[in-house]
Amino acid sequence: MKIATWNVNSLTVRLPRLLDWLPVHTPDVLCLQETKIDDARFPREELARAGYDALFSGQRTYNGVALLLRSGLPPATDVVTALPGFADEQKRVIAATVAGVRVIDFYVPNGQAVDSDKYAYKLAWCAAATAFLRAELARAQRLVVAGDFNVAPEDRDVHDPAAWAGQVLCSEPERAVFRDWLALGLADSFRLFAQPERTFSWWDYRQLAFPKNRGLRIDHVLLSEPLAQSCRGCRIDRDARKGEKPSDHAPVIVEIA
DNA sequence: ATGGCTGCTTTGAGCAGA
């Protein structure tokens with residue numbers, strides 16, 4: 001099974017690139033974030049023609065998540081689109097059970113700046129997410145958490161750790177959340193394998209950040225123990241950040257035996 | 001030093017992203 005995650009930064013703008021990408025990489029499940037599109041406008045038919053069914057929880061302008069499921073998989077079950085007990089207008093979660101795997105797609109809040117209301121919202125959202133993951137792990141052995149976590153877990157995930165020290169995406173409380181999630185019994189699939197130094201998943205659109213490789217690794221795929229044991233690889237598709245009209249994020253692709 | 005790109009918005013300057 002191949003599972004991937006990609007923050008597309010507008011599904012409307014990125015649809016041509018997504019339709020090019022899908023047949024090359026053929027994920028069984030693709031978790032999307034920042035679709036920025038109403039459910040009524042979701043490009044269901046274009047994706048069906050590309051061989052993918054979709055589950056989505058969207059809104060216009062901001063946020064929005066979706067699961068693309070390769071046609072021919074058994075029907076997805078137990079779809080969830082909110083964190084229990086956390087009232088939220090923002091569409092940042094979609095989960096479903098697909099072919100015996102519980103797939104959870106998160107678009108974690110950005111947090112803007114550590115002294116902002118948005119940062120407090122991020123930490124509150126993450127606390128609710130921790131409780132959700134604990135409950136989900138109690139029910140599902142085979143579980144994936146994939147998405148844009150908006151956290152660079154360690155300094156090696158940051159192009160310039162000194163410049164980013166204590167800043168949003170790298171602050172200690174955010175990194176503590178990431179470690180909390182690992183402590184629930186999840187593995188960072190990327191770190192199960194040897195990886196090139198300075199591998200990132202997001203690069204600012206400005207200042208030639210991508211050609212200079214000034215990025216952060218903030219998009220992640222976490223695996224429960226049984227899936228970690230059968231994981232065959234994890235890589236970031238840097239090529240998807242190249243060319244015309246790229247998202248500022250690159251996809252992360254995981255293969256499970 | 002600043003803002004530097006991109007996408008979005010009852011269209012256009014301002015917000016948000018990260």
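Values below: all heavy atoms of this structure, side chains included; hydrogens, waters and symmetry mates excluded. Residue numbering restarts at 1 for every chain, and letters A, B, ... go by the order of the sequence lines.
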For [X] and [N], is the shortest distance between a side-chain N/O and OP1 or OP2 below 4.0 Å?
| X | N | value |
| --- | --- | --- |
| S10(A) | dC8(B) | yes |
| Y121(A) | dA16(B) | no |
| R206(A) | dA18(B) | no |
| K245(A) | dG7(B) | yes |
| N9(A) | dA16(B) | no |

Is [X] salt-bridged to [Y], cutoff N-O under 4.0 Å?
| X | Y | answer |
| --- | --- | --- |
| R179(A) | E172(A) | yes |
| D78(A) | R139(A) | no |
| D157(A) | R191(A) | yes |
| K2(A) | D28(A) | no |

Whole-Å distance between [N] [atom2] and [X] [atom1]?
| X | N | atom1 | atom2 | value |
| --- | --- | --- | --- | --- |
| I37(A) | dC8(B) | CD1 | P | 9 Å |
| E89(A) | dA16(B) | CD | C1' | 18 Å |
| Q207(A) | dA18(B) | CD | C1' | 14 Å |
| E34(A) | dG7(B) | CD | P | 12 Å |
| E244(A) | dG7(B) | CD | P | 11 Å |
| L11(A) | dC8(B) | CG | P | 10 Å |
| D248(A) | dG7(B) | CG | C1' | 10 Å |
| F210(A) | dC5(B) | CZ | P | 17 Å |

Please tell me which of the listed nucleotides, [options], lies nearest to the side chain of [X]?
| X | options | value |
| --- | --- | --- |
| Y107(A) | dA18(B), dC5(B), dG3(B) | dA18(B) |
| D148(A) | dC15(B), dA18(B), dC8(B) | dA18(B) |
| V13(A) | dG17(B), dC8(B), dA18(B) | dC8(B) |

Please state the [atom1] separation for the pair [N] and [M] - nearest whole angstrom.
| N | M | atom1 | value |
| --- | --- | --- | --- |
| dT2(B) | dG7(B) | P | 27 Å |
| dG3(B) | dC15(B) | P | 13 Å |
| dT9(B) | dG4(B) | C1' | 22 Å |
| dT6(B) | dA18(B) | P | 16 Å |

What's [X] touching, base or sugar-phosphate or nothing? Going by heavy atoms closer than 4.0 Å.
| X | result |
| --- | --- |
| R214(A) | nothing |
| N150(A) | sugar-phosphate |
| L208(A) | nothing |
| Q167(A) | nothing |
| D219(A) | nothing |

* Select from V168(A) and T12(A) the residue whose nearest nucleotide in DNA chain B is closer to the 5' end of that strand. => T12(A)
* Structure fact -> By nearest-nucleotide position on DNA chain B, the 5'-leaning member of P246(A) and K118(A) is P246(A)
* Which pairs pass ring pair (Phe, Tyr, Trp, His ring centres under 6.0 Å) with one or both residues in residues 26-52 of chain A, sequence neighbours excluded? -> F42(A)-F56(A)
* Geometric cation-pi criterion R217(A) and F200(A), 6.0 Å radius, 45° cone -> no
* Tell me, please, which residues at least two apart from E45(A) pass salt bridge (Lys or Arg N to Asp or Glu O under 4.0 Å). => none
